[in-house]
**Q** 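Input: one structure, supplied below.
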Amino acid sequence: MLTKMVRSRFSHEPGEKVEGCTILEKTVIIPPQPAERRLGVYDYLVEVPPAPPGKPRAGKKTPAPKAAAADHGSFTRASPDEMGSVIRRVPPR
């Protein structure tokens, strides 16, 4: 059984669920003050459910280097001729 501590500003009782875990113990850190409309602070010892077994991951793929950067030997911006797009010029108003 795995356990962890969870701090919360909301009051729960043992046996309830918090963050998907079952509360085992409750400790009041700062008591609430209803006259000032202030919430308390509570620590909960919770039982953590076992993690589901994950699928084994394959190795990460490395991206192929870009041909344009390798040809020029620098990392400067591509010119419009290299990009192969059309540039339209707007006449002045």
Side-chain angles (χ1 to χ4, degrees):
M1 172 172 81
L2 289 171
T3 61
K4 70 175 184 176
M5 294 297 289
V6 176
R7 183 160 285 182
S8 176
R9 303 232 359 146
F10 301 102
S11 178
H12 297 285
E13 297 303 320
E16 291 183 31
K17 296 272 188 176
V18 171
E19 296 181 7
C21 305
T22 305
I23 298 173
L24 301 174
E25 295 178 16
K26 173 183 176 180
T27 306
V28 179
I29 303 300
I30 301 172
Q33 297 177 351
E36 296 180 15
R37 299 182 62 182
R38 188 175 302 173
L39 296 174
V41 177
Y42 306 92
D43 266 352
Y44 299 104
L45 179 66
V46 296
E47 178 182 4
V48 180
K55 295 180 183 177
R57 289 187 165 193
K60 292 185 179 181
K61 295 182 181 179
T62 57
K66 293 185 179 181
D71 292 344
H72 295 295
S74 68
F75 296 98
T76 58
R77 196 171 192 176
S79 68
D81 294 333
E82 293 171 336
M83 292 173 51
S85 63
V86 177
I87 297 177
R88 296 184 182 176
R89 303 208 185 267
V90 179
R93 294 185 183 189

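The first residue of the sequence shown is numbered 1, and numbering continues consecutively from there. On a predicted model such as this, the values are computed, not experimentally measured, just so you know.
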**Q** Can you name the nearest heavy-atom pair linking Y44 to S8, along with the distance?
**A** CE1-CB, 3.6 Å
**Q** Minimum heavy-atom separation for I23 to E13, with atom names?
**A** CD1-O, 3.7 Å
**Q** Looking at K26 and Y42, what are the two nearest heavy atoms and their distance?
**A** CE-CD2, 3.6 Å
**Q** List the residues meeting side-chain hydrogen bond (donor to acceptor under 3.5 Å, both in side chains) with E16, not counting sequence neighbours, and say none if there are none.
**A** H12
**Q** If I compare all heavy atoms of F10 with all of L39, which pair ends up nearest, and what's the gap?
**A** CE2-CD1, 4.1 Å
**Q** With ILVMFWY side chains joined below 4.5 Å, transitively, what does V90's cluster contain besides itself?
**A** none
**Q** Where do P14 and L24 come nearest, in terms of heavy atoms and distance?
**A** CB-O, 3.9 Å
**Q** Determine the minimum heavy-atom distance between C21 and E47, stating which atoms define it.
**A** CB-O, 3.2 Å
**Q** Going by the rule side-chain contact (heavy atoms from CB on, under 4.5 Å), which residues pair with R37 if we only count those two or more places apart in sequence or in a different chain?
**A** none
**Q** Using 0.5 Å steps for rounding, measure from the OG1 atom of T27 to the CZ atom of R7.
**A** 9.5 Å
